[in-house]
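Below: the structure, in structure tokens.
Reminder, nothing fancy here: chain letters follow the sequence lines and each chain counts from 1.
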Protein chains: 2
Amino acid sequence: MKTTEHTIDRRVARTRAALHQALISLILKKGYGSITVDEICEAANVGRSTFYLHFTSKDDLKQSGLSHLRRQRVEAAARAATGDQGTGRLSFSLAMFEHARDHLDLYRALAGSRGGTVALDTIRQILSELVRAELEPAAASSSDAMPREFVVQYIVGAFMAVLTWWLDGGAKMPPERIDAMFRRLAFDGAIARNS
Amino acid sequence: MKTTEHTIDRRVARTRAALHQALISLILKKGYGSITVDEICEAANVGRSTFYLHFTSKDDLKQSGLSHLRRQRVEAAARAATGDQGTGRLSFSLAMFEHARDHLDLYRALAGSRGGTVALDTIRQILSELVRAELEPAAASSSDAMPREFVVQYIVGAFMAVLTWWLDGGAKMPPERIDAMFRRLAFDGAIARNS
DNA sequence: CTGTTATCAGACACAATGTTCATTTTGGCG
DNA sequence: CGCCAAAATGAACATTGTGTCTGATAACAG
């Protein structure tokens with residue numbers, strides 16, 4: 001036997017990369033739902049049988065791409081949380097906006113109004129973990145019987161909506177600006193009290 | 001010719017109702033994505049050719065159901081806005097939670113974690129219109145260059161997330177309670193300021 | 001009752017999925 | 001370089017779901 005070691009054959013690396021790239025470019029072009037496996041293969045110049053050699057379905061391909069992202073985000077959050085605490089809480093937010101700016105196409109495919117359900121749900125899940133972890137120490141703050149999970153869902157929902165809006169609009173504002181606005185609403189409330 | 005009047009043949013009414021009902025019950029059972037037209041027809045006891053006599057596709061059936069909802073919600077919002085202003089702003093919120101409680105199955109199918117993309121997007125759209133309209137008069141409040149649309153997306157995103165969470169958990173808390181928590185976060189902020 | 005209209009079952013063409021197999025490339029390594 | 005195991009290929013195939021169309025049957029409205 002040669003080496004099944006943990007080095008990856010260049011051929012599989014190229015094939016997988018081509019397929020991933022083809023997918024996100026197709027999502028941007030025509031939305032996730034209507035893409036067929038044939039189209040992905042043609043766009044990636046890969047035989048259809050080869051596709052099924054690596055992934056079991058279109059969704060599998062997508063999920064595979066998302067697992068990378070999950071690892072990256074969790075690491076980044078760990079760094080942000082320990083590093084500078086000057087940002088107060090919600091340390092994930094700025095890092096996320098910046099990461100999105102640096103990989104615009106990827107994020108537009110994943111969290112843009114195109115892209116469908118799967119990615120959104122996964123990202124939501126990742127963020128929920130991060131926020132939940134951040135809220136953990138502040139257990140005392142949620143005093144009057146407000147379930148912690150409620151707050152988590154509220155924040156993550158708001159963040160995702162804002163992120164999607166920013167991406168769909170072309171991500172023109174700088175990440176710092178969006179982040180500042182998001183934190184402002186999260187800390188001080190979104191609506192001015194009437195009286 | 002008889003009458004094409006505006007009265008609807010009983011057979012048509014029964015068929016359509018059966019199909020709509022079958023759809024939401026199937027969504028609850030196995031999620032929207034994997035449902036086939038065949039299954040819908042069998043569940044509704046309707047011939048497949050008859051299905052295509054009324055709707056062009058699965059999505060068409062879903063959209064048709066949503067258009068009812070849209071009309072209802074817009075009317076309800078109009079009533080709530082003019083009626084009692086005692087609730088402050090965000091008058092749509094309580095009405096929505098109550099309506100959801102009264103039609104639990106429907107809402108669990110549309111906004112639960114099952115149900116997929118189409119419904120969520122439509123509901124988000126409806127809510128955006130309502131919030132946008134409510135924010136209109138308070139134009140002055142968003143003083144320092146915070147785009148109004150940003151606030152709209154933030155609020156709607158947070159609301160949808162909270163609604164979904166409540167529904168997926170079985171909608172155990174009373175609407176008033178959820179509503180109060182939502183308003184609290186929206187008005188006073190979700191995170192306690194550090195210092 | 002009568003004519004209109006909805007429903008039905010079944011057959012059809014079509015598109016996409018996922019599997020299998022024999023054959024050809026190609027990257028890794030001695 | 002030259003070997004060979006692993007990867008890629010294209011073609012064929014069975015399967016499932018879609019959407020259309022037919023002629024026959026049943027149910028409604030007047």
_Nearest whole Å is fine: how far is D:dG17 C1' from B:Asp59 CG?_
14 Å
*Please determine, for the side chain of A:Thr50, which listed nucleotide (C:dT17, D:dT9, D:dT20) has the closest atom?*
D:dT9
_Between A:Tyr52 and C:dG18, is there a contact of a side-chain N or O with OP1 or OP2 at under 4.0 Å?_
yes
*May I have the distance from A:Ile8 (atom CD1) to C:dG28 (atom P), rounded to whole angstrom?*
11 Å
*Check whether any side-chain N or O of A:His54 sits under 4.0 Å from OP1 or OP2 of D:dA7, and answer yes or no.*
no
*Take the protein atom CG of B:Asp9 and the nucleotide atom P of D:dC28, then report the distance between them rounded to whole Å.*
8 Å
*How many Å lie between CZ on B:Phe51 and P on D:dG17, as a whole number?*
14 Å
*Does the ring center of B:Phe159 lie less than 6.0 Å from the ring center of B:Phe97?*
yes
_Pair A:Phe150 and B:Phe182, ring centroids less than 6.0 Å apart_ = no
*With distance as the sole criterion, do the side chain of A:Arg48 and the base of C:dG18 form a donor-acceptor contact below 3.5 Å?*
yes
*With heavy atoms under 4.0 Å as the rule, sort B:Asn45 into base, sugar-phosphate or nothing.*
sugar-phosphate
*Given atom CD of B:Glu42 and atom P of C:dA9, what is their separation to the nearest angstrom?*
11 Å
*Return the 5'-most residue of the pair A:Leu53, B:Asp38 with respect to DNA chain D, ranking by each residue's nearest nucleotide.*
A:Leu53
*Where each residue is assigned the nucleotide of DNA chain D containing its nearest heavy atom, which of B:Val37 and A:Arg10 is assigned the position nearer the 5′ end?*
A:Arg10
*asked:* I want to check one thing: is the phosphate of D:dA8, taken as OP1 and OP2, less than 4.0 Å away from some side-chain N or O of A:Thr15?
replied: yes
_What is the separation between atom CG on A:Asp60 and atom P on C:dT17, rounded to the nearest whole Å?_
14 Å
_Please determine whether a side-chain nitrogen or oxygen atom of A:Arg14 lies at a distance below 4.0 Å from atom OP1 or OP2 of C:dG27._
yes
_Along DNA chain C (nearest heavy atom to each residue), the more 5'-positioned of B:Arg16 and A:Ser57_ = B:Arg16
_Gap between atoms NZ and P, on A:Lys58 and C:dA15 respectively (whole Å)_ = 17 Å
_Ring centroid separation A:Phe55 to A:His20 under 6.0 Å_ = yes
*Check the distance between C:dA16's P and A:Tyr32's OH and give it to me in whole angstrom.*
15 Å
*Hey, is the side chain of A:Ser49 pairing donor to acceptor with the base of D:dG10 inside 3.5 Å?*
yes
*Would you state whether a donor and an acceptor, one from the side chain of A:Arg11 and one from the base of D:dA8, lie under 3.5 Å apart?*
no
*Does a side chain donor of either A:Gln153 or A:Glu149 reach within less than 3.5 Å of an acceptor in the other side chain?*
yes
*Determine, for A:Glu129 against A:Arg70, whether the closest basic-nitrogen to carboxylate-oxygen distance falls under 4.0 angstrom.*
yes
